[in-house]
**Student:** 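For reference, the structure I am asking about is given below.
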Number of protein chains: 2
Amino acid sequence: MADLNTSASKRNTWQKDAVRHALGEATGFVSAQQLHLVLRNHGSTIGLATVYRALADLASAGDADVLNSNDGELIYRACATGHHHHLICRSCGATVEIDASKVENWADAVAAEHGFTETSHTIEIFGTCSACHS
Amino acid sequence: MADLNTSASKRNTWQKDAVRHALGEATGFVSAQQLHLVLRNHGSTIGLATVYRALADLASAGDADVLNSNDGELIYRACATGHHHHLICRSCGATVEIDASKVENWADAVAAEHGFTETSHTIEIFGTCSACHS
DNA sequence: ACACTAATGAGAATCATTGTCAATAAACCA
DNA sequence: TGGTTTATTGACAATGATTCTCATTAGTGT
């Protein structure tokens, strides 16, 4: 019974759909805890561990972006397209996806210059958006 | 700037010196736990909480860089000069400080373009250094 | 040396995240 | 459709990093 095409056979559950949907509804980045709370407040009986698992799956499938907030918790965001970076408002959490091909190239070049291979990078820009900048 | 210990008077203790020194000795980024272990192995009786406090102080004084490792722990590094970024070997932890004025400007420009002010950013490059890339 | 009080350290407390495992329910097949 | 298989769930325990508590220790100015 080996599923050759879909790596490890996955099942579709309403829990995964709920997490995916809730993540899509959210504006900006949200933590697993926040998402779980929202779902429970909407009457869902989903478990916290399941939210964590679903988010981890989404992230590893490339359907969600992860980054660690400054106070050490992982926060997630629904993410449509391929590789990109974020411009995030520190006060309201609004997020703008930004293309960064120039920086990509710069990062790869710098790494290569120092003999590094298999490079990856973390690039995030934080600021105060115009709405929050009274 | 460097207003001396007037209102928030700080005291100099051998513990803080030990942490500062151990951090200077380390190559690359180290966690508070690792640093504590190293100090204890060298015969120090310093407490873990003190290592955490000393590192937090160094970081907020601008004498150390902080970043979160991918497995969710804070790692520190002695940092000589102003603003810069890092190229880090994923396997041996070797670190290269890189100047990134081009990217600085890019980041500020992108932020301004979207009406963001008071911008800051996180830019780190990870890879496998030539020594580790057998 | 003395007094004042910041800093220390041992352990408890916190908090996000992950592991455990019996019970549940997708997906597949006859 | 009903039965079987087994991935997935969820309640709770466990982990692990970091922070807090508080009695004790030790810098610093007088």
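Small disclaimer: the values here were computed from a predicted structure and weren't measured. The sequence lines fix the lettering, A, B, ..., with proteins before strands; numbering per chain opens at 1.
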**Student:** Pairs in or reaching into residues 46-64 of chain B: which pass side chain to side chain donor-acceptor pair (under 3.5 Å), with residues at least two apart or in two chains?
**Tutor:** B:Q33-B:Y52
**Student:** How long is the gap from OG on B:S69 to CD1 on B:I75, to the nearest 0.5 Å?
**Tutor:**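 Answer rounded to 0.5 Å: 5.0 Å.
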**Student:** Does some side-chain heavy atom of A:V96 sit less than 4.5 Å from a side-chain heavy atom of B:F116?
**Tutor:** yes
**Student:** If the condition is side chain to side chain donor-acceptor pair (under 3.5 Å), which residues does A:N68 pass it with, not counting sequence neighbours?
**Tutor:**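 None.
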**Student:** Nearest whole Å is fine: how far is C:dA7 C1' from B:I46 CD1?
**Tutor:** 11 Å
**Student:** Hey, what are the protein-to-nucleotides 3-5 of chain C N/O distances that come in under 3.5 Å?
**Tutor:**
from: C:dT5; atom 1: O2; to: B:R11; atom 2: NH1; distance (Å): 3.1
from: C:dT5; atom 1: O2; to: B:R11; atom 2: NH2; distance (Å): 3.0

**Student:** Filter on salt bridge (charged side-chain N to carboxylate O under 4.0 Å, His left out), then keep only pairs touching residues 71-94 of chain A, sequence neighbours left out; what's left?
**Tutor:**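 Salt bridge (charged side-chain N to carboxylate O under 4.0 Å, His left out) check on residues 71-94 of chain A returns A:R77-A:E97.
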**Student:** Which pairs would a plain distance check flag for residues 38-45 of chain A, meaning a side-chain donor or acceptor within less than 3.5 Å of a matching protein atom at least two apart in sequence or in another chain?
**Tutor:**
from: A:R40; atom 1: NH1; to: A:I46; atom 2: O; distance (Å): 2.5
from: A:N41; atom 1: ND2; to: A:L37; atom 2: O; distance (Å): 3.4
from: A:S44; atom 1: OG; to: A:I46; atom 2: N; distance (Å): 3.1

**Student:** Nearest-nucleotide wise, let me know which of B:N12 and B:Y76 is further upstream toward the 5' end of DNA chain D.
**Tutor:** B:Y76
**Student:** With sequence neighbours excluded, tell me which residues meet side chain to side chain donor-acceptor pair (under 3.5 Å) with A:D108.
**Tutor:** A:T119
**Student:** Look up atom NZ in B:K16 and atom CZ in B:R11, then write down how far apart they are to the nearest 0.5 Å.
**Tutor:** 9.0 Å
**Student:** Set out, in order, the CA-CA distance, both residues' side-chain angles and the distance that settles side chain to side chain contact (heavy atoms under 4.5 Å, CB included) for B:I125 and B:I98, then state yes or no.
**Tutor:** CA-CA 10 Å; B:I125 310 178; B:I98 53 183; 3.9 Å; yes
**Student:** Does the A:S91 side chain pair with the main chain of A:C89, one donor and one acceptor, at a distance under 3.5 Å?
**Tutor:** no
**Student:** B:R20: which residues meet the salt bridge (charged side-chain N to carboxylate O under 4.0 Å, His left out) condition with it, sequence neighbours left out?
**Tutor:** B:D17
**Student:** With a sphere of 6.0 Å drawn around NE2 of B:H83, does it hold more than 12 non-hydrogen atoms of other residues, nucleotides or ligands?
**Tutor:** yes
**Student:** For B:E104, give me all partners under salt bridge (charged side-chain N to carboxylate O under 4.0 Å, His left out), at least two apart in sequence or on another chain.
**Tutor:** none
**Student:** If you restrict it to nitrogen or oxygen atoms, what contacts under 3.5 Å exist between nucleotides 1-3 of chain D and the protein, and what is each distance?
**Tutor:**
none

**Student:** Under 4.0 Å from any atom of DNA chain C, heavy atoms only: list the residues of residues 51-74 of chain A that qualify, in numerical order.
**Tutor:**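 Contacts with DNA chain C under 4.0 Å: A:Y52, A:R53, A:E73, A:L74.
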**Student:** At how many degrees, to 10°, do the end axes of the helix from C:dA1-D:dT30 to C:dA30-D:dT1 meet when each uses five pairs?
**Tutor:**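 Roughly 40°, once rounded to the nearest ten degrees.
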**Student:** Write down the distance between CD1 (B:I75) and P (D:dA17), rounded to a whole number of angstrom.
**Tutor:**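 Whole-Å distance recorded here is 13 Å.
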**Student:** Consider only side-chain N and O atoms of A:H85 and B:H121, and report whether a donor and an acceptor are under 3.5 Å apart.
**Tutor:** no
**Student:** Tell me if the centroids of the rings in A:H86 and A:F29 come within less than 6.0 Å of each other.
**Tutor:** yes
**Student:** In residues 13-40 of chain B, what residues come within less than 4.0 Å of DNA chain D, judged by heavy atoms?
**Tutor:** B:Q33
**Student:** Mind calculating the distance between CG (A:L48) and P (D:dA14) to the nearest angstrom?
**Tutor:** 17 Å
